[in-house]
2 protein chains.
Amino acid sequence: MKLNSLHYVLLAGIEQEPRSGYDLTQWLARLGQHYWAAEHSSIYPALQSLEAAGLLLSSEESGLRGRPRKLYRLSSQGRERLKCWVNEPSGLPETRDEQLVKVLCFDLLSRDEIVGHLERIRAQHAAKLVYYEGVMERRNESAAAGANVTPERLGPALTLRRGILAARSYVDWCDESLALVRGFPSQPVDAAG
Amino acid sequence: MKLNSLHYVLLAGIEQEPRSGYDLTQWLARLGQHYWAAEHSSIYPALQSLEAAGLLLSSEESGLRGRPRKLYRLSSQGRERLKCWVNEPSGLPETRDEQLVKVLCFDLLSRDEIVGHLERIRAQHAAKLVYYEGVMERRNESAAAGANVTPERLGPALTLRRGILAARSYVDWCDESLALVRGFPSQPVDAAG
DNA sequence: GACAACATGTAACCAGTTACATGATTCT
DNA sequence: AGAATCATGTAACTGGTTACATGTTGTC
């Protein structure tokens with residue numbers, strides 16, 4: 001069976017710990033937005049095909065609350081496939097940033113409108129930064145608390161760190177741009193011949 | 001007619017200067033990868049529908065070389081639609097970063113394999129950084145050279161600057177991660193119980 | 001004459017979203 | 001009884017890619 005990127009994302013999530021479709025959905029929404037986004041409606045069918053291909057094993061867990069959940073774990077084949085894929089090189093990230101397309105058109109707006117936009121963009125990325133930093137702080141605390149908890153693994157630590165640096169970089173760009181634009185006169189000036 | 005994001009990307013590109021489908025393809029590939037990627041096969045049909053909707057006007061230009069090109073410019077309606085869209089808020093960027101998914105699985109690899117990966121990732125982003133910095137330098141030079149060239153517009157300057165900061169941030173993360181991983185022993189250590 | 005660069009387009013396919021649909025358990 | 005949360009799934013649609021297809025002009 002031919003696997004696409006989403007399949008590998010799910011194998012990667014399950015490799016960290018056995019997870020259900022619901023868990024994977026939450027995990028991606030909370031910690032994966034800066035490298036992979038997916039809705040539950042694409043996740044469930046993908047899990048089914050991974051199980052059919054023998055790369056995942058599932059077990060019904062009658063959860064404490066809500067309806068029983070299907071908990072997936074990797075089969076040895078699944079782990080092999082994942083490991084093999086991880087060792088291949090990949091291309092550059094692909095980003096769809098509608099906000100930046102609008103930035104490209106800032107010359108159509110007034111200075112005040114531009115400032116408004118940049119402030120809103122800054123707030124969004126700053127919120128993400130605060131969130132990620134909170135996650136990292138909590139992880140560091142529980143790691144320091146004792147060796148009884150699973151020791152922090154390298155992969156999740158690096159990707160979280162990447163999320164923090166990415167958000168910080170975006171906030172910095174907003175600040176720099178705001179400083180530039182605020183130095184402009186209030187109304188756009190026509191090119192004085 | 002209902003427009004999607006790609007339509008607005010194209011309107012934005014054409015607003016900067018009249019462009020053909022080929023121009024837009026090149027422009028996005030060279031300067032737009034960090035906020036919007038698109039193949040020519042999605043661009044040409046989108047241009048056709050924009051023209052049919054009266055948002056673009058086209059003229060046949062018998063180019064100096066190659067077959068004649070269809071040069072598009074904005075109609076007043078097109079400009080209106082674009083301006084209106086630009087002033088609406090957008091959501092956060094969406095990124096698909098297969099490399100980071102692999103980073104997530106670094107615990108499956110040996111230290112040397114991890115170092116190899118990080119060095120390759122670093123090289124890719126460093127190359128992009130050098131390229132963008134070159135573009136910016138050339139722009140600054142021609143801006144300084146004389147007022148005969150069109151004065152640099154805010155939008156393109158800010159998006160290019162964003163590309164530089166994004167690439168730099170990724171390179172920094174690679175360096176930080178490499179420093180961390182190089183501090184580890186050569187073979188992964190089992191948890192000493 | 002072959003190849004590279006310029007230039008535009010179509011068709012088949014794939015991956016994803018939005019919206020729809022269902023069901024269990026707990027809390028108020 | 002109703003709402004919130006947990007949990008899983010399907011169907012219709014959208015937006016995109018890969019591969020196919022074509023034609024011109026200039027260069028080796």
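Chain letters run A, B, ... following the sequence lines, proteins first, then strands; residues in each count from 1. What you see below is based on every heavy atom in this structure, not just the backbone, and it leaves out hydrogens, waters and symmetry mates. Fair warning: this is a prediction, and the values are worked out from it, not measured in the lab.
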What is the separation between atom CD on A/Glu51 and atom P on D/dT8, rounded to the nearest whole Å? 12 Å

Heavy-atom side-chain proximity of B/Met136 to B/Tyr131 below 4.5 angstrom: no

Can you measure A/Trp27 atom CH2 to D/dA7 atom C1' for me and round it to whole angstrom units? 19 Å

Hey, are B/Asp23 and B/Arg69 close enough for a salt bridge, meaning a charged N less than 4.0 Å from a carboxylate O? yes

From OH of A/Tyr8 over to C1' of C/dA15, roughly how many Å is that when rounded to an integer? 16 Å

Salt-bridged, B/Glu133 to B/Arg138, with N to O below 4.0 Å? no

With heavy atoms under 4.0 Å as the rule, sort A/Ser20 into base, sugar-phosphate or nothing. sugar-phosphate

B/Leu47 CG to C/dT10 P: how many Å, rounded? 12 Å

Using whole Å, what does the distance between atom P of nucleotide C/dG9 and atom CG of B/Leu24 come to? 12 Å

Thinking salt bridges, do A/Glu119 and A/Arg182 make one under a 4.0 Å N-O criterion? yes

Rounded interatomic separation in angstrom, taking CE from A/Met1 and P from C/dC14: 12 Å

Can you tell me the distance, in whole Å, between the CD atom of A/Gln48 and the C1' atom of C/dA15? 16 Å

Return the polar atom pairs (N/O with N/O) between nucleotides 14-21 of chain D and the protein under 3.5 Å, or none.
{"unit_1": "D/dG16", "atom_1": "OP1", "unit_2": "A/Arg96", "atom_2": "NH1", "d": "3.3"}
{"unit_1": "D/dT17", "atom_1": "OP2", "unit_2": "B/Glu39", "atom_2": "N", "d": "3.2"}
{"unit_1": "D/dT17", "atom_1": "OP2", "unit_2": "B/Ser42", "atom_2": "OG", "d": "3.4"}
{"unit_1": "D/dT18", "atom_1": "O4", "unit_2": "B/Ser41", "atom_2": "OG", "d": "2.8"}

d(OH, B/Tyr22; C1', C/dA4) in whole Å: 10 Å

Test: A/Arg73 and A/Glu51 ion pair at under 4.0 Å: no

Quick one: list whatever passes ring-ring contact (aromatic ring centres under 6.0 Å, His included) with A/Tyr22, sequence neighbours left out. none

